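Heads up: the structure comes next, in structure tokens.
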Amino acid sequence: MSGTFRAPSGGRLDRSRPLHFRFDDRELTGFAGDTLASALLANGVHLLGRSFKYHRPRGVLGAGSEEPNALVTVRRDSARVTPNLRATQVELYDGLEAYSQNRWPSLGLDFGAVSGLLSPFIPAGFYYKTFMWPRQAWRRLYEPKIRAAAGLGRAPEQPDPDTYDNRFAHCDVLVVGAGPAGLAAAAAAAGSGARVILCDEQPEPGGSLLSDPSHSDAVIEGEPLDRWLASTVRMLASHPRVTLLTRTTAFGYFPHNLLGLNQRLSDHLGRPDRSQPRERQWQVRAKEVVLATGAIERPLVFPGNDRPGILLAAAARTYLNRYGALAGARAVLVTACDAAYQAALDLHRAGVSIEAIVDVRAGSADGALPEAARSAGLPIETQSTITGTSGRLRVRAVRVQKLDSSGVPAGPVRRIRCDLVLMSGGLTPSVHLFSQSRGKLAWDESLGAFLPAQAAERVRSAGACRGVFSLSAAVRDGTHAGLSAAQSAGLPVAASMPQLPPPESSAAGTLGVLPQPPGASAGKAFVDWQNDVTSRDLALAAREGFRSIEHVKRYTTTGMATDQGKTSNINALAIVARELDKAMPQVGLTTFRPPYTPVSFGSFAGFARGELFDPVRTTPMHDWAARNGAVFEDVGLWKRARYFPRPGEDMHAAVARECLAVRNHCGIFDGSTLGKIEVMGKDAATFMNRMYVNAWTSLAVGRCRYGILLRDDGFIYDDGVVARTADDRFHVTTTTGGAAGVLALMEDYRQTEWPDLNVWLTSTTEQWAVIAVQGPSARRVLEPLVDGIDISAAAMPHMSVSRGRICGVPMLLMRVSFTGELGFEVNVPADFGLAVWQAIHDAGRQHGITPYGTETMHVLRAEKGYIIIGQDTDGTVTPDDAGLSWTIGKSKPDFVGKRSLQRPAFASPYRKQLVGLLTRDAQHVLEEGAQVVPTRQRAAPEAAIGHVTSSYYSPSLGRSIALALVSAGRSRMGETLYVALPDGDIPVQVASPVFYDPQGSRLNG
Amino acid sequence: MLLIECPYCGVRPELEFVYGGQAHVARPGSPAECSDEQWVEFLYLRENSKGIHAERWRHTHGCGRFFNALRDTTNDHFLATYRVGETPPPAALERAAGPRP
């Protein structure tokens, strides 16, 4: 059956349900209720992985989420591979496949371990000091090699096939942690009428109670432990106001009492229902929060403290009492506190030989537990220390030495054979969430711990996480917290408030490195197991001048692993404090950040993946474009048709054909994505005058004008054609991407600067379908379809607007052009867009009408030197830079940005100005973004004088064209400049940005 | 995610709002009469206070209105929200000057 290290009885296992599992190439058996770690220990398997930096053999250190060592990859199928799971939290199921990490070729024989031999050359911060030269080698040689050698598990290579749920919840009281204090708090709060959510990271509620032996004679509220636990959990589970969430980690505490919970729904199941989500992320907004997050045992820092078989004392006790797994046969306990004696007593009772209890404290160890150990005949060595360990893949012996009266090891070294070392440096309260909530922590000297002090949120801590360790006090503390939380949440509390117990100073342990012989170098004493940081690394950092604990952390990487230093931070702090000769609070504590334990990306993504990642905006004519072979591009959330290739055409060919069709016949273009804002009201013209640079009062009803909008800093923010459709009404168009921002900017000025103006702004972007018909035949195409408007050149000149009907549908018709050709933009209600588009397309066949996309539109506008906001401007371009001074209403006293245009820097003759560039080789198309330099022969580095903003091949001109922003560009007409590219400089001539029809005669066709 | 009380709609989650920068920075009535220094101060210079900060928010995905708020930048707690054109409520400022809740 299962291995030889299974206790014959006891534990919270279902021994009638054996489970088969695989670890690397070994087939093993455990029981329902096991974790992977407990099942491995029960099979006598202690070697679980190789360490991050030195590839040292490692086993389990803890029994819960604090585990730094035992990281494994769990594989269900080729897509469901989860690396870096803590074996201590992986629940066993039948058929589980787990793999050790960071070893090659095998766990027992690992070639990477050679890096342990090189360790004198890879001290703290080695990557800052070595591998510096030659520079190229860092990227090509050193970094890839180091990354391959150091590391954790491999990320899965296929898309995650599972689904992840998310849920928002509100409650009066959220209790984090279902140990004795948390259970008591939840019961008290629920009993007072509060709506309660109680969450715990473990598969069942109980916390530390789950690790107490079934025969414990302790009582809570007069009941034996197991009865109290069972009845309390039953009450809470069936309580109508309580939501009890197990396998649910409160990973983050965010402002205004919002907590993130990660609930694991199916990872513990052998055959999960694939139609159900794998995890659920809760965002809980709580009126009051009770943190009952417990405490984590501190490891001791001594040479060789990382060998497999060296565990936290409480963890060994958990393995025995909760899982019936014996962590060894011959144990040595090293401790700095009384509580750990309980582990020795429990293991002794289970038949483990206790070879020695090494108590590092001076004095006679006369507390109740040491006395019990003494009467059980366990050998106790007080005032002693461990100076080293031996054993390759498992600890085999420890070296023990007495301390003299000044606390220095002296006298003979005793070697004690063992296969298990239990250690306890005392308890560190888990203040992670309290600290995340921006609560202040205070150093408690007598307890040797940071405790929650001033809260920043509506939160209280109860039990071990605030230093109240003893069972009865923790339960009383939890009840108090639950009642006071309910009261603060506004509920009438009838129950009498128990007295608040004080933190217990008797539980203090030790901090930092255990005493070692002077000058000794018996091996590495690990502080941070997961990142392989030793006490020597920390001391080195201090000697090298690091003073801030935040800097020491980053330099040595202590506390920066996936366990976030749950077992290492306080010891590291103590070592640095000692090196710097400062008190702990003066050195300070590094910041606690979410997540408490790693949370899968899937949980954060939730349903927002694939098609649901972002909304997609499509125009009324989208389906027509798709049916007609359009290639789409994303513009913000919009899908826009980029070009319409015919069979055999690439983009270049399709765009060339579309361009020529517009220039020679007629094109049809979907402009529906353009932003549209209706500006209405008695003061609409005044408002427009103040917002846009142009003069609007002089714009007659029925006319359009090209508008430029600046920010108050004087730089171009947006542009677009504005039509005056009535005295009190403007139809403002914006760029596709700028629509929301323009409306927000307008609203800002309307609401906060000029609230006296009678004007209303309405986004009408999605109300209109916009069909641009452009080209010499545009009028002939539209004429038969239009009712009620004379669209002749005389009646409807360039830049005019009129209301009428098309195909019987109401229409706003604008005669405008972004191509330089005779053109109209047909605006019809969005619901009629597709029908009108089809009608125009059908009517246009005889005139050679051709649908064109945004790529063609870009070429056509560039031929005319029309700018695109965000492509030819970048937030530092003024109207004059872009050659658009003519748009400014010169006599206006003010408009947004006007004052900035008078600033001295705006008048500099060296500002970058928009110009055209013509390559000497007419077929060479420049790269957009390429830098422009003045000379070919130059001493590098030389500052660029500009850059290419737009560049295309122009089919109409049969050559390449480019727009560029070039310093003093307009004074350089005809000059030869160079565009610097890796393959050599390209000579270009500065030209007007208007390449095609510079007189604009085609517009007036 | 913060909870923000829109003075027009009530308490809503931060998702519905857009931050609007420091409050009570009035645009000069006659920009043409500003010196370059005064104009630059209006454009660019803002408080960066540790503690109580008067700032603007817009309930973009709600009523669409701008309003003002007093927020403690050390813990993100709002002391008050109030309408455009109003001065900060004196009671909130007194609370801010006194000991923390």
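Residue numbering restarts at 1 for every chain, and letters A, B, ... go by the order of the sequence lines. Remember, predicted model here, so these are calculated numbers, not experimental data.
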#### Entry: Euclidean distance, Glu747(A) CD relative to Thr60(B) OG1, rounded to 0.5 Å
9.5 Å

### Message
Applying a heavy-atom distance below 4.5 Å, give me the residues of residues 738-746 of chain A that approach chain B, sorted by number.
### Response
Ala744(A)

### From Trp39(B) atom CH2 to Arg903(A) atom CZ, the distance as rounded to the nearest 0.5 Å
10.0 Å

### Task
Inspect the surroundings of NZ in Lys890(A) and state if more than 12 heavy atoms from other residues, nucleotides or ligands are less than 6.0 Å away.
yes

### Task
For the residue pair Val84(B) and Pro755(A), establish whether any side-chain heavy-atom pair is separated by less than 4.5 Å.
no

### Task
Might you work through the side chain to side chain contact (heavy atoms under 4.5 Å, CB included) test for Phe42(B) and Arg899(A), ending with a clear yes or no?
CA-CA 11 Å; Phe42(B) 159 71; Arg899(A) 176 63 185 82; over 6 Å; no

### Message
Heavy-atom cut-off 4.5 Å, strictly under: side chain, backbone, both or neither for Arg711(A) against chain B?
### Response
neither

### Query
Is a donor on one side and an acceptor on the other found under 3.5 Å between the side chain of His77(B) and the backbone of Ala456(A)?
yes

In residues 1-12 of chain B, what donor-acceptor pairs under 3.5 Å come from side-chain atoms, sequence neighbours left out?
| from | atom 1 | to | atom 2 | distance (Å) |
| --- | --- | --- | --- | --- |
| Arg12(B) | NH1 | Cys9(B) | O | 3.2 |
| Arg12(B) | NH2 | Cys9(B) | O | 3.2 |

#### Entry: Heavy-atom pair count under 4.5 Å with chain B, highest-scoring of Asp713(A), Asn257(A), Asp748(A), Thr752(A)
Asp748(A)

### Query
Counting distance only, does the side-chain N/O of His256(A) pair as donor-acceptor with the main-chain N or O of Asp76(B) below 3.5 Å?
yes

### Summary
Under 4.5 Å to a heavy atom of chain B? For Asp894(A) that would be side chain

### Atom CD of Glu86(B) with >12 non-hydrogen neighbours under 6.0 angstrom
yes

### Query
Near Asp756(A) CG, under 6.0 Å, is it more than 12 heavy atoms from other residues, nucleotides or ligands?
yes

### Task
May I ask you to check whether over 12 heavy atoms, not counting those of Phe613(A), lie within 6.0 Å of atom CZ?
no

#### Entry: Portion of Arg65(B) that has a non-hydrogen atom of chain A nearer than 4.5 angstrom
both

### Task
Considering only heavy atoms, give the residues of residues 17-28 of chain B separated from chain A by less than 4.5 Å, sorted numerically, with 'none' for an empty result.
Val25(B), Ala26(B), Arg27(B)

### Task
Please report the shortest heavy-atom distance between Thr74(B) and Arg438(A), naming the atom on each side.
O-NH1, 2.9 Å

### Message
Among residues at least two apart in sequence or on other chains, which ones pass ring-ring contact (aromatic ring centres under 6.0 Å, His included) with Trp754(A)?
### Response
Tyr749(A)

### Query
Which answer fits Ser900(A), side chain, backbone, both or neither, if we ask what part of it has an atom under 4.5 Å from a heavy atom of chain B?
both

### Task
Against chain B, label Gln751(A) side chain, backbone, both or neither, depending on which of its atoms sit under 4.5 Å from a heavy atom there.
both

